[in-house]
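Presented below is the structure to which this report refers.
Any value given below was found using the heavy atoms of this structure, including those in side chains, with hydrogens, waters and symmetry copies removed. Every chain is numbered from 1 and lettered A, B, ... according to where its sequence line falls, protein lines coming before strand lines.
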Number of protein chains: 2
Amino acid sequence: MAARHEEIAEALRQAIDRGEYPVGGTLPTETELSARYGVSRGTVRQAVAALTAEGRIGSRQGARRVVLGNRRSQSFAELRSFAQWAAAMGRTATGRVLDQHRRPATLEDAEKLQIKPGDEVLQVLRVRGLDGEPVLLERNVYAAWMADAVERLPADCTSVVQALYEDIGMIFAYGEHVIDAVAAGAEDARLLEVRRGSPLLRIRRVTTTPAGRPIEWSDDRYVSGTVSFTVANSIGSNPLARQAGQA
Amino acid sequence: MAARHEEIAEALRQAIDRGEYPVGGTLPTETELSARYGVSRGTVRQAVAALTAEGRIGSRQGARRVVLGNRRSQSFAELRSFAQWAAAMGRTATGRVLDQHRRPATLEDAEKLQIKPGDEVLQVLRVRGLDGEPVLLERNVYAAWMADAVERLPADCTSVVQALYEDIGMIFAYGEHVIDAVAAGAEDARLLEVRRGSPLLRIRRVTTTPAGRPIEWSDDRYVSGTVSFTVANSIGSNPLARQAGQA
DNA sequence: CGGAATCACTTGTCCGAACAAGTCGATGAC
DNA sequence: GTCATCGACTTGTTCGGACAAGTGATTCCG
């Protein structure tokens with residue numbers, strides 16, 4: 001049962017996407033939306049705040065809101081599931097576990113998962129393809145308390161996040177991503193069928209529960225030219241930060 | 001004169017950064033913050049909403065908010081100014097215009113700047129260094145109505161955005177970024193002093209005015225290993241989207 | 001001991017009011 | 001034509017209230 005402000009935000013997204021409010025044009029005023037949806041002005045403001053935060057509309061005091069773009073936004077769940085994302089585009093995704101084993105945590109594991117070095121972790125290596133071509137190598141490191149549930153997953157599991165939710169009620173709630181470019185090493189090159197030294201887009205991520213407990217960290221490597229990522233920012237909200245080095 | 005909710009958000013960021021609310025710990029309740037700052041609960045909610053949106057805290061109905069991280073966030077302005085960003089880290093930034101000329105808009109320019117192919121644009125090529133090493137190649141394409149002001153800038157201008165604001169009151173308000181990895185071509189390799197085919201992190205961006213009018217588009221290329229970008233996301237808010245191809 | 005129930009507390013949603021700060025279009029003067 | 005002024009309108013901020021939905025700790029019972 002979605003909140004009213006979420007329903008209104010979704011209705012406005014769809015209206016923008018089908019061109020009812022074209023890019024460069026304006027949205028109805030808060031007063032009009034308030035009357036149209038039968039809600040208070042505050043509820044309208046909550047709905048349009050979500051669209052503002054995702055970069056879809058622009059808002060200035062005193063001026064009507066403008067439509068900045070009509071790109072399709074992605075839910076957290078869709079970003080997390082390669083197969084779901086591919087399916088939404090009408091593309092065919094494949095995924096295969098190449099290796100899975102428990103090992104002692106490195107210093108890096110320990111820092112990212114807030115455990116002690118040497119504690120047990122579960123490492124999983126997957127290769128994912130799009131329309132038959134390998135595009136993504138995923139290395140996941142799960143905290144030990146998650147290991148049993150992950151090991152129960154089938155090797156060709158479509159959505160790890162969804163499966164874990166259904167199996168043990170685990171919610172992946174927050175992610176922190178570090179994005180950079182690296183050169184393909186020997187293993188990467190072999191598994192992704194590219195030349196040694198080819199550019200790969202690397203996304204390292206730590207994921208936590210709703211209470212902030214780290215579940216896993218991962219190192220995803222995409223073949224250059226196959227996948228890109230988009231982020232919108234603004235004076236009012238900048239979700240993107242630059243860091244020196246490889247962080 | 002900042003709004004109260006912005007002041008409170010900033011006070012809370014600083015409190016988190018100095019460890020008053022450690023990572024993994026909880027924040028005071030809304031009622032406590034309301035009393036402490038002498039504001040209504042609604043104003044407190046606005047302040048913590050900003051921290052939630054930037055991934056600094058996590059929030060669940062019925063449970064106290066938790067601190068997820070204490071990374072230093074960046075303002076839009078700081079992200080836009082390489083020199084300002086470097087200075088904030090105590091690093092030395094250099095910047096040099098290598099080339100600047102007007103030319104007819106390509107199809108790509110036309111699409112990104114919402115002009116006609118063949119209209120005049122201003123292209124600027126800059127190389128930027130960090131502590132003496134070249135790390136970033138910036139190619140900017142400005143719409144013609146911006147060209148005069150840009151040409152007036154000194155070649156070693158520290159912050160183009162700031163200078164344009166001071167000169168003509170131009171506000172860069174919204175950005176849309178596409179992030180991928182590419183191989184260094186001959187020109188990139190020469191200017192960045194890396195090998196041909198080296199991985200570069202590419203950030204292409206379109207920037208618009210508060211009213212949504214495109215000002216410029218750019219193609220920034222960072223040497224691998226020198227700079228990375230971070231993004232936080234959550235179930236409630238996902239600013240990151242994956243796209244097939246190079247978008 | 002484990003599981004269920006209960007309760008105090010906490011955050012999420014929605015309402016409505018009042019005022020501040022800004023935009024934009026029309027108008028008038030030069 | 002340009003520029004300044006004005007007024008209607010629009011979004012931003014803040015307040016306070018009420019209720020819903022959920023958490024977490026404690027207690028009770030088998």
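- In this view, B:S59 and B:R65 satisfy the side-chain hydrogen bond (donor to acceptor under 3.5 Å, both in side chains) rule, not counting sequence neighbours.
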Footprint string (nucleotides 7-14 of chain C, 5' to 3'): B base within contact, S backbone only, - free, heavy atoms under 4.0 Å: ---BBBBS
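- A 4.5 Å side-chain heavy-atom check between A:R80 and A:T207 finds at least one atom pair inside the cut-off.
- No side-chain donor from either of B:R41 and B:S34 sits under 3.5 Å from a side-chain acceptor of the other.
- Taking A:D148 as the reference, A:R102 meet the side-chain hydrogen bond (donor to acceptor under 3.5 Å, both in side chains) condition, with sequence neighbours excluded.
- Here the CG atom belonging to B:L12 is positioned 12.0 Å from the CD atom belonging to B:E7, to the nearest 0.5 angstrom.
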